[in-house]
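Shown next, in structure tokens, is the structure this report addresses.
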Amino acid sequence: NEVEVLHWWTSGGEARAANVLKDLMEAEGYGWQDFAVAGGGGETAMTVLKSRAMSGNPPSAAQIKGPEIQEWGELGLLGNLDEVATAEGWNELLPERVANIMRHDGQYVAVPVNVHRVNWLWANPEVLDAAGVEMPTTLDELFAAGEAIREAGFVPLAHGGQAWQDATIFESVVLGSQGTEFYQQALVELDPEALGGEQMIAALEDFKRLRELMDQGMSGRDWNIATAMVIEGVAGFQLMGDWAKGEFTAAGLTAGEDYLCAAAPGTQDAFTFNIDSLAMFRVTDDAERDAQQTLARLVLEPTFQEAFNLAKGSIPARPDLDMSEFDSCAKQSLADFQRTADEGGLVPSMAHGMAVRADVQGAIFDVVTNYFNDTNMPAEEAAKRMVSAAETASF
Ligand SMILES: OC[C@H]1O[C@H](O)[C@H](O)[C@@H](O)[C@@H]1O
């Protein structure tokens, strides 16, 4: 018997990580039917999943995250994982905040794979040396370093012009420019005052300045191609979640030496979390259900948690794992995750489906990417559209 798993892990580092699970399932005697849908951020994968589910042919498991787990749960399509959760002690293993995301109506319906951090800045140290600049800690330092890098003949900030990537850097600028409390009010609680106010306008103006650090060819570029520009020394920086680290690792590079990582400028006291999870669809076939239960068990076992996250660039979902095999960026991520969980500053990523419902996220993406690509749209106009985007989406 086998499981069919729908996901969007198709870049070099992502595919290496997904293969860890495939190999572990096969070692346990189960088949793995891979249903990978290309497209960073997962928008295409979710569209494909919806059409399969609507036509009554969902996969055994799918990469579904955050509030979207509740949306699928409400449709009654997800299976119950409480048996495995009890047998494996998930309540003790998982931070309450993570466990809560995996439950619908009090029952586990998904298993967490990792914890990604989104608010990272990656850099090529040779390019920084050539330009005579340090790793920036504020947005102003980033803009100044960017100018020096351009004068030295490199692309300052590698970026891919796609809505989800624009939203990913936008949320890090909101955090770095206006702080965690404002981020929470605006992009999590969707407070119209915050979404349409002076602070949002200031953040939007900072966000648009990032374009000056990008190259002409960025439109439509995939995120991992932008990471490759940093790896190859064409560009100095990239703002991206730590799935980018999966690409550095796949290229055989060492954290802190061949590439640098730091919290996105101005966000040192914040951690935007993005938790990948596999949700199990309700099935009638006992053999498939048995395979689903095994998949769920394996995902939270130490073997998988270590091997997958070393390849993927994220940190384990269970905080009790020995981290000695992990690099300096991963160790910093875990320390910052725990510090911000205790002291405040741990916020769900809006751009990666952890903060708001999918339809609200989509409406905000439209505003962000249209504003970013329309040199004539003033920030005031975008802020106004942000308010209506959050209101229009059917809640
Ligand atoms: O595709 C880029 C990234 O998109 C999403 O944020 C996923 O959570 C992450 O696992 C993936 O690597």
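Start at 1 and go down the list; that is how both ligands and their atoms are numbered.
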Any idea which atoms of ligand 1 are less than 4.0 Å away from a heavy-atom of G40?
1 (O)

Would you tell me which option among M240, E247, H352, K312 has the nearest heavy-atom contact to atom 9 (C) of ligand 1?
K312

Tell me which protein heavy atom sits closest to atom 4 (O) of ligand 1, plus the residue, atom name and distance to 0.1 Å.
W8 NE1, 3.2 Å

Proximal candidate to atom 1 (O) of ligand 1 [heavy atom criterion; set H7, K65, E14]
E14

Taking both backbone and side-chain atoms of W164, is any N or O found less than 3.5 Å from an N or O belonging to ligand 1?
no

Could you verify whether a donor N or O on one side chain and an acceptor N or O on the other, from D366 and Y371, lie under 3.5 Å apart?
no

Here's one to test your reading of the geometry: is the NZ or CZ of K208 within 45 degrees of the ring axis of F372 and under 6.0 Å from its centre?
no

Could a heavy atom of G41 be found less than 4.0 Å from some atom of ligand 1?
yes

So is W243 polar-close to ligand 1, meaning N/O to N/O under 3.5 Å?
no

Measure the distance from atom 7 (C) of ligand 1 to every protein heavy atom, then report the residue, atom name and distance (to 0.1 Å) of the closest one.
D276 OD1, 3.4 Å

Do the side-chain N and O atoms of E247 and S11 include a donor-acceptor pair separated by under 3.5 angstrom?
yes

Please identify each residue that fulfils salt bridge (charged side-chain N to carboxylate O under 4.0 Å, His left out) with D206, with sequence neighbours left out.
none

Contacts table for residues 42-50: side-chain donor-acceptor under 3.5 angstrom, sequence neighbours left out:
unit_1 : atom_1 : unit_2 : atom_2 : d
T47    : OG1    : E43    : O      : 3.0
K50    : NZ     : E68    : OE2    : 3.4

On the 0 to 90° scale, with breaks at 30° and 60°, tag the W32-H7 ring pair as parallel, tilted or perpendicular.
tilted

